Structure formats: structure tokens, C-alpha cells
Asker: 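If you scroll down you'll find the structure; I have some questions about it.
In this chain, residues are counted from 1 in sequence order. Because the structure is predicted, anything quoted here is derived from the model rather than measured.
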Amino acid sequence: MTDATETDPATLRKVTGAAVAGTVIEWFDFAIYGFMAPILAVVFFPEGDELVGLLQTFAIFAISFALRPIGGAYFGMMGDRLGRKKVLALTVLLMSLATVAIGLLPSYQSIGIWAPILLTVARCVQGFSAGGEYAGAVTYVIEHAPDNQRSRFSSYMPASTFASFALAAMCSYLLTTSLSPEQMQSWGWRIPFLIAAPLGLVALYIRHRLDESPLFQQVMDGPKAEHAPLRQTLREQWWPMLRLGCYISLTALSFYIFSTYMTTFLRSVIGMPADKVLLSNVIALSAAALAAPLIGKICDRIGRRPTMAVSALLLGCLAIPSYKLASDGTLACALSAQILLALGAVTANVVTAVLLCEIFPTRVRYTASAVTYNVAYAVFGGTAPFVATWLIAATGDRLAPAIYITVIAVLAFVVTLISPETAGRPFHGSQRRADDNVIGGIKLRSHA
């Protein structure tokens, strides 16, 4: 079998560039909702308690994540059956259409209860699309990458995700500083959602020109080309999916607490001006995007388990200090707080990206990775802003979200201790690795 390491450098650059471009555009569309949450709470809900409106807005944010596992299963099975490139073109198209729809929705004052209902429907379509995007893009890149550089190349996917959130934050910052609060509430908030139309067409064109993953073609053309249905995938891969999902809970929580909720915390809880909050967030997210490839190279050198352990330790030890810094309310402290959170969040996201592919065999890789990733993100990522807002309201403690991160970091560190080392090992097509059937040194019965 021809190994993925034989992919020529020009093709590898083309593949990585196309995956990154599509991911940046798709996640910009998804991210802008979080940055516009305080305004959306006013536009799409009746006047009243500001906290209630914000919680309702974040509830819709969480509901959209409930569709991600369904989208992950649907697009995952489609990608394992029909190929990676077709699915990646479809997901970016759906995301763009849903985002434009949000930008065109009438306000609560115009159509009443239908405004939040239609907003929820559009967000659910976004969530469904997002379920097939990230795992598919990572899978597509890694199936072209050399065995000893998989984390290096897959790290461009979390880098592009952080970059897309930075672009969304930058867009929000420019609008906030250029328009009055009345203009933002009236029509300014619609601009970043409507930008999705031209960006989506660009991403669709780029991805449509891609070739299929050679590793996928080889496995599907071989004697074991039959695709495993979802039930069989769950039966055969339940333990690696459960183990990886427990770790991804930290990845998801840290990502959305850092990238989305921190801006709300600084504006609504601390009372910082919106322009300073968004400026600090743009800088922190940009730094995170730049750091991801470096961490990817380090991960290839030291291995997956040490990287997982470092991410858990960083988040477990730095979450509370970061929130204490943020509570000071100055631009310097806000930026420092976000950088502290970013250290662990970026490390967790980089190692998660490569683990999504190294843990699972090729014939079920898209399905298993998409379901695992999106279930964890639905439970811990989608609910992060809502839970963080509720925890502070219920306890009166500004450090409550940091304590939440610390608890999940302990769980992730424990998972690290029972995880196999997969760095540098060649893919074996549809063959299942023995390490995936081991819990604490006890070999499980194989279903393969």
C-alpha cells in the first residue's frame, strides 16, 4: 500500500491551504454569533432583564450544539462512504446559507416570537453543518501528511479556527468603534452575518477543486472497502471514543470559555468598554493562532500523552489566576488573562486535532471522530457560555467559570494516564490497533 507519506510537498501545501481557507470562513460564520450575543439578546428578545436576554441568547447558542453530533454522524458516514472532499464542500455551503439567513432576520419588535424561533432554526442549521466540518477537514489533511509530521500539519486546523474567531472579533471591534450603539442595534450587527455570502462562495470554489484523500481511496478500493454503519462503528470503537471524548471535554470547554465567553464576562460582569474587550480578544486569539503550529511541532517531538498532560496542567493551574486578572478590568489585565487561558486551550486543541485521526481506522475515521468530537463539544463547548453565566449568577462568585475549568482539567489529566501513545505510528487502513482495546493494561475483547 502506498503510504500517505509519499504525498508530494506541492499537493500537501494545496490540501492544507484549501482546508484552512474553508475552515476559517466556516468558523467565522459560526463565531460571529458569540461576539454579537449582547446585541442579539436585545434584538431578538423582548425588553426586560438584560441577564435573562443574555441567557436566552446563549441557550440558543447551546441548542445549536445539540445538532452537531447529529451532523457529525450524518456527514461522517457520508464522508466515509462517498469521500472527504464532497462533504467538505457541502458543509461550508450550508453554513454560509444559514449565516446569511440570520443577517436577514427581522427583530422581535417586527415579528414577535417568530424572531427567536427563526434564529434558533438558523443556528441549528449552523450546528448541523459544523458537525461535519472540523473532523472532516482534519481527517482530510492528516490523510495526506507524513507519519512523523501529522501534528504539525493538523495544527493548522486549530490555528485556522482561532484565526477565524480573531477575524470575527476584529470585525466586531471595527463595527463597535465605527458605529454608535443605536446603529449597531439597528443594522450594524447584520453586516458580519451577510459577509458570509461572498466568503462562502470563495470557500466552495476552493474545496470543489480538491482531489480525494489517497488513503481513503486506497482503503475503499481494497478488499475491506465496505463502510461500517454507525451502529457497528459505535460497537467497535466505543472505548477509544469514550476515552477521547472525556479529554475533548476540556478542549471544548477551554476553547469557548476563552474565545467566546471571556468577552461577555469582561463586558457584562466586569463592565469593561466593548472596544477594549474586543481589542484584547483580537490580540489573544491572533496569538493563539500563531502559537498552534509551533505547539504542533512540539507535539510531534514529545508525543501525544505528554502534550495532553501539559494542556490539562496548564488549564488546571492557570484558569483561576486568569479570572482574577480579568476581574481587574484594565486592558492589560484582560489581555494577560486571555493569554493565560490561551496557553492551555491552544495546546489542548492542537493535540485533539491529531488524536481525532490517529485513534480511529480509516474506514470509520470520519464517522467516529466527528461523533466523538461533536458530542463532547455539544455537552461542554456549546453550554460553556450559558453555564458560566449561570454559575456567576447563582453563586455570585466571579471565579465560578474558572473553578469549572479546573474540575474538568482534573478529569482530562486522569484520561491522559490511560491513553495510548500514537505519535508517529503509521495508519493501518481498516485494521484496528491493539492499543485501542486496552484499559489500564487489561486487554478487552475485540469486535473487529
Side-chain angles (χ1 to χ4, degrees), residues 23 26-35 37 55 57-73 76 91 95 123-124 126-138 157-158 160-162 164-165 168-169 241-242 244-265 281 285 288 292 308 311-312 315 319 338 341-342 344-353 355-356 369-391 400-402 404-409 411-412 415:
T23 298
E26 179 147 0
W27 285 100
F28 172 88
D29 294 349
F30 197 77
I32 199 66
Y33 182 94
F35 291 105
L55 284 170
T57 305
F58 281 143
I60 294 177
F61 184 90
I63 290 171
S64 70
F65 274 75
L67 271 291
R68 285 182 59 164
I70 299 174
T91 57
M95 177 68 78
R123 281 295 292 178
C124 286
Q126 282 190 320
F128 183 74
S129 169
E133 163 61 27
Y134 190 79
V138 169
M157 305 318 298
S160 65
T161 306
F162 283 112
S164 67
F165 274 72
M241 290 175 73
L242 176 62
L244 182 58
C246 288
Y247 176 77
I248 295 178
S249 65
L250 179 63
T251 305
L253 178 61
S254 64
F255 181 86
Y256 279 100
I257 288 292
F258 162 55
S259 66
T260 302
Y261 175 72
M262 182 57 83
T263 58
T264 301
F265 175 81
N281 199 240
L285 285 166
M308 294 167 69
S311 69
L315 287 165
Q338 291 173 85
L341 273 181
V346 176
T347 305
N349 274 268
V350 167
V351 72
T352 292
L355 288 172
L356 286 171
S369 62
V371 170
T372 304
Y373 181 82
N374 287 294
V375 167
Y377 263 73
V379 175
F380 292 93
T383 62
F386 180 90
V387 171
T389 302
W390 177 83
L391 283 173
Y404 181 30
I405 294 176
T406 302
V407 171
I408 301 302
L411 170 65
V415 170

Asker: Compare every heavy atom of A370 with every heavy atom of G72, then report the nearest pair and how far apart it is.
Answerer: O-CB, 3.4 Å
Asker: Please find the pair of heavy atoms, one from T372 and one from G245, that lie closest to each other, and give the distance.
Answerer: CG2-N, 3.6 Å
Asker: Quick check: do S249 and L411 have side-chain heavy atoms less than 4.5 Å from each other?
Answerer: yes
Asker: Check whether any side-chain heavy atom of P158 sits under 4.5 Å from a side-chain heavy atom of V346, and report yes or no.
Answerer: no
Asker: Rounded at 0.5 Å granularity, tell me how far CD1 in I70 sits from CG in N374.
Answerer: 10.5 Å
Asker: So does S129 get a backbone contact from the side chain of T91, meaning a donor-acceptor N/O pair under 3.5 Å?
Answerer: no
Asker: Evaluate the ring planes of F165 and Y256, with Trp represented by its six-membered ring, and classify them as parallel (under 30°), tilted (30 to 60°) or perpendicular (over 60°).
Answerer: perpendicular
Asker: Within this structure, what is the CD-CD distance for the pair E133 and Q126, rounded to the nearest 0.5 Å?
Answerer: 12.5 Å
Asker: What I'd like to find out is whether the side chain of R68 reaches to under 4.5 Å of the side chain of Y373, using heavy atoms alone.
Answerer: yes
Asker: Specify the closest pair of heavy atoms between W27 and A130, including all atoms of both residues, with the distance to one decimal.
Answerer: CH2-CB, 4.0 Å
Asker: Which heavy atom in A348 sits nearest to a heavy atom in Y247, and how many Å separate them?
Answerer: CA-OH, 3.4 Å
Asker: Would you give the length of the straight line joining atom CZ of F162 to atom CZ of F258, rounded to the nearest 0.5 angstrom?
Answerer: 6.0 Å
Asker: Looking at every heavy atom in both T347 and S311, which two are closest together, and how far apart are they?
Answerer: CG2-CB, 3.7 Å
Asker: How many angstroms lie between CZ in F380 and OG in S254, if you round to the nearest 0.5 Å?
Answerer: 12.0 Å
Asker: With rounding to the nearest 0.5 angstrom, report the OH to OG1 distance, Y261 to T389.
Answerer: 4.5 Å
Asker: Working to the nearest 0.5 Å, report the span between OG1 of T260 and CG of N281.
Answerer: 8.0 Å
Asker: Identify the two heavy atoms, one from A312 and one from L250, that lie closest to each other, and give their separation to 0.1 Å.
Answerer: CA-CD2, 3.8 Å
Asker: Treating T161 as the side-chain partner and M157 as the backbone partner, does any N or O pair qualify as donor plus acceptor under 3.5 Å?
Answerer: yes
Asker: For the side chain to side chain contact (heavy atoms under 4.5 Å, CB included) test, which of L253, T352, N349 pairs with I248?
Answerer: T352
Asker: So do M241 and V375 actually touch side chain to side chain, heavy atoms under 4.5 Å?
Answerer: no
